[in-house]
Structures are given as C-alpha cells and as structure tokens.
Amino acid sequence: MQIISFLFEKHLDKTVLVIAVILSILMLSADDDSQINSARAISSFLLYPVDRASSYFSDMEQLKEENLRLRELAATLHHERERLTQFREERNRLRQLLGFRKDSFFEFIPCEVTARSSNIFHHSVTVDRGKGSGIKVGMAVVGYRGLVGRVVQVFGSSSRVLLLNNKSMSVSCLDKRSRVVGMLNWERGNLFRLDFIGREEDVLQGDTLITSGFGKILPKGFPVGTVFQVAEEKTELSMRVSVVCMTELNTLEELFIVVGGRDWDSEDIFNRLDIVKDPAR
Amino acid sequence: MTLIRAIVAAFVVFILQVTVVHRMSVVGARPDLMLVLLVVFVLDRNPVMAIIIGFSLGFLQDLGNASFLGMNALAKSLIGYGIARYASGFLPENIFFKSLLILVASLVSSIIVLNIMSTFNPLTVLVSFFRHSILSAVYSALVGVVVFLILKLFPRRVVRSGGRY
C-alpha cells in the first residue's frame, strides 16, 4: 500500500510516464503481426472515407495530366497522319507510274462477340454484324493487336467467325523482318507452328509475323503472332518455329471486321467462298 | 476545450497528417501536425494529462503508420511530459517562444523516432537528422506560428479555456 501510495500520490506524473513508456515499448517489441494488422485495419477503417475523397481529387489531377498528354499526342499524331497521307498519295502515284495496282486502305466495322463455340478443336465466335452491315464471307477479322480469324458464315444481323486456333484454318504468314514466308497452323492453346521453313531461312526468336496476303483471302500486313522458339527438326531439312498469337483468342470481346482494302463486289473469290461448303459445318 | 472538441480536433489533424501533409512536402520536409497539436494541447496542463494526451496522439499517429506501433506514442508521451513539466509556466506568452518550443519538440521527437527506426545506429540517426529532421522541425514551427495566430482569434474558447479533459 505504501508503494502504491508512493507511486500514485507523490510521483503520479512519473508513474504515468513510466507506464506510457512501458506500454509503448511493449507495442514496439511485439513481434506478432496480428497487432500491426489490427492497427492497420483500424486506421484504414478511420481513413476510408477520407482516402476515397482524396483519391477522387488525385484521380482528377491525374486525369487532367493525362488529358493534356493525350491532347499533345493527338496533335502530334494529327500532323503525323497528314504527313503519312501525303506519303500514301505519293506512293500510289509512283505505283501507278510503275504499273502496279492502286493500293487501298482498310476500313473496319466494329462488332461484339455474342457467342462462342463449345467445341475445343473448332474455335469460332458469333459477332453481332451480318449482311445488313455489308459483311461478306471471307472478310478478315482483327482484334486490337492483330488478326483473329475470318468470316465463314453470314446471317442477317450476325456472322460466324472462324478463329485462328482452329484445326481447319491455316494462314500464310510473312516474317516482318526477313520476309520469309510460312504457313501458320494451330497447335494448342495460344501456340501455333509456322510450317515450311527451311533450316537455312532467317527466322529468329522475337520476330513478328504478319499476314502475307497470298491467296487473296486475308489482306496483307496484319500482325498475327510473335516467334518465341526456333529449333531444328529431326529431319534436319526444316526448322520448327513456334509462334505465340498476338491476341488472346479465348478472351475476345470486341473485334473489327475488315471491309475496306478491296473491292468486295467485284472480287468474285469471296462470292465463291460463300457457296463453298464450310468444312466445319 | 471540451473533451469532444479535443477528440474531433485530434481526428481532423490525424486525417490531415495522413492524407494531406505529404502534398505539402518542401524539399522532402513535412510538418508534424500532430506535434503542433500536442504543444497546443499540453501547454498549461499538468504533466499527467500531458502524458495521456501525448500517448493518445502518438498512438493515433502510429495507427496511420503501423510499421512501428508505439514509436510515436513513446516520443509524444515523453515530449508531452517534458513540455508540461519544464516549459509550461515558464514560457512567455509569445507566439515566437511557442513556435520555438515546437521546433525543439520536433527535434527531440525526430531523435527518438530515428533511433527506433534505425535500431540505435548513430550514423544513420545523425545523417537523417541533418538531412530531414531540421528542415521538418522548422516547417512544423512555421505551421505552429500559423496555428497560434489562428488560435489567438479564439483565446477563451480554445487556448485558455481552463477546462480539464
């Protein structure tokens, strides 16, 4: 009792200070993470509304900055586009002088995927554009990053698109760097194989493959995939070129149907394709 | 100042400290608003109350940075006690001296905090003290001048209410 009286009556301030210091040291020396986690939970509970309000304003600042950057980019791209348009016209003039066909440029119709096939070897999707939008069989379909397939069936207001990851689909591709041509075939998942590549041909890991435009079914120049492995085949005559597709084909949502770049009405190949029986049907 | 007002003030300053102060950073220095509030609260209080206030404010500040739970509680308890025990009553009624008190308190707080964070490594403490703490202490003192000027407008209701909480 005397000690308590001594501590809490005569030296109350020092006693309280010692208690506060001991409490602080105990908190500091606690190696149990649960205490810290509890503290974090309390502080986040207290700060949640303020954090929300604060992040709203900081987001606004970020949006303003981003908007400014995008305006600058848009202005730069606008000038760049003007310059490239002039180059295009000049190129067309020169091609005409040399007797080449006049080059035309692609037009895209945006569409949304409305259904997917359930067959694991026959991947296709249905999109919400059909004859009413001018879609024809054979038209190429691209995603944001590159080619995803081509239209194989057209209905009134929808179309079926055969995807690249389909056993019945081969795409003639060109190595963007070395211009080596090969035939792209699906293997599994998002992996493809580039066939008919001789062992002396110049294909390297990291090369981008684009559509070759051969056969006039798919337009030339759309990115398709990236070479991720090059190995010699056992026969030693050809190389095994593994390719990963540019677009994740299992998560397609928005696509673009390529309607420009060709005079579709006069190209009878696509009309003929209309009547060719779809092998997957 | 009633207890409720004090608690509200503590929470408002805590929220400002955690959310706004990092945007007021000048050459890496940030004011310690909780310390300014501590000085405002404990001036003319008895040491026991000053320790409790210091511990509470420090603990609240620790909640905002839970990596070192107890660090600010320790520093502010000691500072609260020091101010109430040795500065209150002797300090002239002058904003300059009160701001000087904040400057000293901020430096002491930095020394305690830096020692805990660096596990008593004198070189780290010394470098961080000269690199960050002095400027932050000056910044806190300047904020203190503003706070005391504002409080001077409401002397009876806020600073010299004489009420105990």
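In what follows, every chain begins at residue 1, and chains take the letters A, B, ... in the order their sequences are listed.
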- Query: Is it the side chain or the backbone of B/I116 that comes within 4.5 Å of chain A heavy atoms, both, or neither?
  - Reply: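 It is the side chain, since no backbone atom gets that close.
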- Contact class of B/I51 relative to chain A, heavy atoms under 4.5 angstrom: side chain
All N/O donor-acceptor pairs, side-chain side in residues 11-19 of chain A, below 3.5 Å, sequence neighbours left out:
from  : atom 1 : to    : atom 2 : distance (Å)
A/T15 : OG1    : A/L7  : O      : 2.6
A/T15 : OG1    : A/H11 : O      : 2.6

- Message: Restricting to non-hydrogen atoms, name the atom on B/S77 and the atom on A/A20 that form the minimum distance, rounded to 0.1 Å.
- Response: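 That would be OG-CB, 3.8 Å.
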- One should read off an interatomic distance between A/L28 CG and B/N72 CG, to the nearest 0.5 angstrom, of 9.5 Å
- Message: Using 0.5 Å steps for rounding, measure from the OG atom of A/S24 to the CG atom of B/D62.
- Response: 8.0 Å
- Query: What residues form a ring-ring contact (aromatic ring centres under 6.0 Å, His included) with B/F55, not counting sequence neighbours?
  - Reply: none
- Message: If the condition is salt bridge (charged side-chain N to carboxylate O under 4.0 Å, His left out), which residues does A/E80 pass it with, not counting sequence neighbours?
- Response: A/R83
Count the heavy atoms of every other residue, nucleotide or ligand shown that sit under 6.0 Å from [atom1] of [X], and state whether that count exceeds 12.
| X | atom1 | result |
| --- | --- | --- |
| A/F228 | CZ | yes |
| B/L149 | CG | yes |
| A/R177 | CZ | yes |

- Message: Are there residues of residues 29-37 of chain B whose heavy atoms fall under 4.5 Å of chain A's heavy atoms? If so, which?
- Response: none
